[in-house]
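Note sheet for the following structure.
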2 protein chains.
Amino acid sequence: MSLQTSSYSHLDISNIKSSCATCSLRELCLPVGLNTQEIQKLGDVVSHKRKIPRGGYLHHTGTKFQSLFAIRSGFLKTCVLEQDGRQQVTGFHMTGELLGLDAISSEIHTCDAVALEDSEVCEIPFAKLEEISLSIPSLMHHFHKIMSREIVRDHGVMLLLGSMKAEERLASFLLNLSRRFSIRGYSEYNFNLRMTREEIGSYLGLKLETVSRAFSKLQDESIITVDNKHIQINDIDRLRLKMGNSSCAT
Amino acid sequence: MSLQTSSYSHLDISNIKSSCATCSLRELCLPVGLNTQEIQKLGDVVSHKRKIPRGGYLHHTGTKFQSLFAIRSGFLKTCVLEQDGRQQVTGFHMTGELLGLDAISSEIHTCDAVALEDSEVCEIPFAKLEEISLSIPSLMHHFHKIMSREIVRDHGVMLLLGSMKAEERLASFLLNLSRRFSIRGYSEYNFNLRMTREEIGSYLGLKLETVSRAFSKLQDESIITVDNKHIQINDIDRLRLKMGNSSCAT
DNA sequence: TATGTTAATTGATCTTGATCAATGAACCTT
DNA sequence: AAGGTTCATTGATCAAGATCAATTAACATA
């Protein structure tokens, strides 16, 4: 299974002409119910495509913010570099998601965005997006929802980091990935991780050894099958039970 | 020192007539540079005041979202209730801050907001705010910055929860409070905590005993002086050092 | 294909913070 | 002011996860 392949088959995009406008569909366009003219406006703004090879940077911490990026294909992580040189992963991002929301406030990127596989993004000049939002209320409203959703997502991670133990965190993480793959038309039971154990650990507030042990534990219980980066979920219900008390899966 | 008392003395609000429009000044109005007419528009939207007694709820998880709330005075916490009945604090909020951003996405409140002291808020009907945003670009832009700032803040907490140890977390927390008091015209070295050790612990991902021990440790080192809820910062530089590696203080 | 490099697993030990428990201080309420 | 309740501190013990270390597996590059 290749995750690089775009899969919009279940979405109605037949009325969209510009190939690049499609990149922001999932989050930015489709749910809003724009008319043809509005889609045209948005398409004009979202025009510039950019390819990022595996390991390449979409943006660096400290650089000037000008555009949001809609992921057209691929998989990226965002991370902050701490004084001591260690890095903390703040998120993993896949097709259809929007990057750069954190940079709006200071107009400076507060994190690095790194491609974990060859990726393609659409650049969305933020000033232009705001400009056309003024004439497309539903677009503005939808954008507010996207930002809000990001806040909810972060609260979920805070909850995870603040109150769950290692195994629960990993279960929560896998279920989250599973759901996101599923939404994009991939199997929710079989997928390849794009990130290392260390990156997972960084995201989950654990050391890589602890992540590895948690994987092994879940495998010993036959809940998942782990083959290096390939994960198979054998019993998603029991995996859900692992999360236990925590209300938020995010 | 009473924190209940509003303190806008260092801000120029001389041109604002409506007493309630002032409540959202710090975050929503002032920095934007609105003209008189625009301020009038905003004042019309932000008209309804609400008092919340200590221990009272501003909103409950699961209820319908209609309005943002700008804190006019007081101190609140937001928290989510987990299945097992334990609650996790997701934030502490003071004068001038905006509550409810998380609820925009689903139009359902995702957390409880509880007053930790007698508080007063201004209700900002969100639909109306969006409506007038369409005609006041700078207001819309400023609102986007506020949402973005919330995301940055949350990333900071994620970093804290994911990579700092108990004493570093508490140092970070105290410095954050200190800065926010300072911005509002209060002493950055002397303040009263509005929340219990348990609530601090919940927010920082620690047990109350650990919080208490961390306080004692910092006091033993003469960095702070703790007298129950009253905190005095004796050596803010050493307190900053305590945070160590972590890049973000939030 | 060989070889160096990076990533993953697993074991042994140590540390931090959680848990259990007891005491004392603050704060309502009447 | 008295009594109950909540809150905070401190000590003793325990457990989860970090750290240290060794081995193996996967991957990249010559």
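Convention: sequence-line order gives letters A, B, ...; per-chain numbering from 1.
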For B:Arg213 and D:dT9, is the shortest distance between a side-chain N/O and OP1 or OP2 below 4.0 Å?
-> no
Below 4.0 angstrom from OP1 or OP2 of D:dA8, is there any side-chain N or O of B:Arg197?
-> yes
Establish, with yes or no, whether the OP1 or OP2 oxygen of C:dA18 is under 4.0 angstrom from a side-chain nitrogen or oxygen of B:Thr210.
-> yes
So what does A:Gly205 touch, heavy atoms closer than 4.0 Å: a base, only the sugar-phosphate, or nothing?
-> sugar-phosphate
Can you find an N or O donor on one side and an acceptor on the other, under 3.5 Å apart, linking the side chain of A:Glu209 with the base of D:dC20?
-> yes
When we call it a touch if two heavy atoms are under 4.0 Å apart, what does A:Leu206 touch: a base, just sugar-phosphate, or nothing?
-> sugar-phosphate
Whole-Å gap separating P (D:dC7) and CG (B:Asn192) | 16 Å
What integer distance in Å separates B:Leu170:CG from D:dT9:P?
-> 11 Å
Roughly how many Å is it from CE in A:Met195 to P in C:dT6, rounded to a whole number?
-> 21 Å
Does the distance from a Lys or Arg side-chain N to an Asp or Glu carboxylate O, for A:Arg213 and A:Glu209, drop under 4.0 Å?
-> no
Side-chain contact check for A:Ser216: nearest option of D:dA16, D:dC27, C:dT10 is C:dT10
Please work out if B:Ser212 contacts a base, only the sugar-phosphate, or nothing of the nucleic acid, heavy-atom cut-off 4.0 Å.
-> base
Scanning both residues in full, the closest heavy-atom pair of B:Asn228 with B:Arg197 reads O-NH2, 2.8 Å
Is there a side-chain polar atom (N or O) of A:Lys207 under 4.0 Å from OP1 or OP2 of D:dT19?
-> yes
What heavy-atom pair brings A:Asp112 and A:Thr61 nearest, and what distance separates the two atoms?
-> OD1-N, 2.6 Å
Looking only at heavy atoms, the pair that brings B:Ser148 and A:Ala103 closest together is OG-N, 3.9 Å
Rounded to the Å, how far apart are B:Asp220 CG and D:dT9 C1'?
-> 12 Å
Which nucleotide in D:dA16, C:dT9, C:dA26 has an atom nearest any side-chain atom of B:Asn228 | C:dA26
Quiz item: B:Arg169 side-chain donor-acceptor pair to C:dT16 base, under 3.5 Å = no
State whether B:Arg179 and B:Glu188 are salt-bridged, where the test is any N-O pair (Lys NZ or Arg NE/NH1/NH2 against Asp/Glu carboxylate O) under 4.0 Å.
-> no
Of the nucleotides D:dC7, C:dT9, D:dA28, which has the atom closest to the B:Thr196 side chain?
-> D:dC7
